[in-house]
Amino acid sequence: MKKLPFLALIVLFSMCKSASHVATTPPKELTVDERIEKIKEEERLPEEKDVLDLPDYAQVRDDFRSVTDKTKDNYLKNIKATANNYSVVILTKGYKGENISVKGDSKSYYYGMTMSDLRSGIAKSIRVENTQNIVLKDSYTGGSLTIESDHAKMFKFIYVMKNNGNKQTPFKVTFSNTLRPIR
């Protein structure tokens with residue numbers, strides 16, 4: 001009778017599985033282009049979890065009011081940004097007439113005085129190549145912002161809002177595939 005609890009303990013411990021000693025390989029890290037293809041196959045929009053190393057001043061959103069698909073297509077056709085290698089940088093609120101420059105690695109896309117329209121909240125729309133880093137510079141605060149090509153490739157629209165109160169990082173970036181009403 002004294003052996004019965006002892007045998008039960010032996011059976012209990014022998015049934016417990018120990019940690020596997022077989023080395024498991026970590027999942028393969030996908031490149032940005034592979035991530036984009038996977039998202040397209042899943043027929044969904046990129047989310048914040050899909051973007052690697054998203055900076056503090058940036059966010060991913062597609063949950064705001066948008067225009068119809070036909071209007072979006074016409075808009076992209078008018079600014080010649082229908083190809084996958086183009087994104088649209090949309091300067092939104094906070095621009096009060098300062099000089100803003102938008103440059104890529106090899107060319108300048110825009111330089112000029114920029115003012116936000118108080119009714120629409122839009123200052124300027126600029127077509128850029130998303131295969132290279134995009135640098136925005138502000139003459140008033142002296143601040144600059146670099147939008148990495150890895151982030152720009154995943155989204156068609158890049159909204160950049162300006163906050164003159166924050167001299168360190170005067171820009172707030174929203175990556176999206178949704179076009180807000182422009183006019």
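By the side chain to side chain contact (heavy atoms under 4.5 Å, CB included) test, V135 is found to be paired with K137, T146, residues two or more places apart in sequence or in another chain being considered. With sequence neighbours excluded, no residue forms a side chain to side chain donor-acceptor pair (under 3.5 Å) with E129. Listed by chain and residue number, T114 satisfy the side chain to side chain donor-acceptor pair (under 3.5 Å) test with Y110 (two or more places apart in sequence, or in another chain). Residues satisfying the side chain to side chain donor-acceptor pair (under 3.5 Å) test with S116, not counting sequence neighbours, are none. Checked against side chain to side chain donor-acceptor pair (under 3.5 Å), T92 has no partners two or more places apart in sequence or in another chain. With sequence neighbours excluded, the residues satisfying side chain to side chain contact (heavy atoms under 4.5 Å, CB included) with K103 are S101, S108.
In this structure, OH on Y86 lies 9.0 Å from OG1 on T82, to the nearest 0.5 angstrom. Distance CG/L136 to CG/L91: 6.0 Å, rounded to 0.5 Å. Note: Y95 OH to I100 CD1 = 5.5 Å, rounded to the nearest 0.5 Å. Distance CG/N177 to NZ/K156: 9.0 Å, rounded to 0.5 Å. The line from OG of S149 to CG of N133 is 5.0 Å long, rounded to the nearest 0.5 Å.
Side-chain atoms of V60 and T174, non-hydrogen and from C-beta on, never get closer than 4.5 Å to each other.
For the residue pair H151 and F175, the shortest heavy atom distance occurs at CB-CZ, 3.7 Å. Across all non-hydrogen atoms, the minimal contact from P170 to G143 is CG-CA, 4.0 Å. Across all their heavy atoms, Y109 and R127 have their closest contact at CD2-O, 3.6 Å. Nearest heavy atom pair, residue M161 against residue K93, reads CG-O, 3.5 Å.
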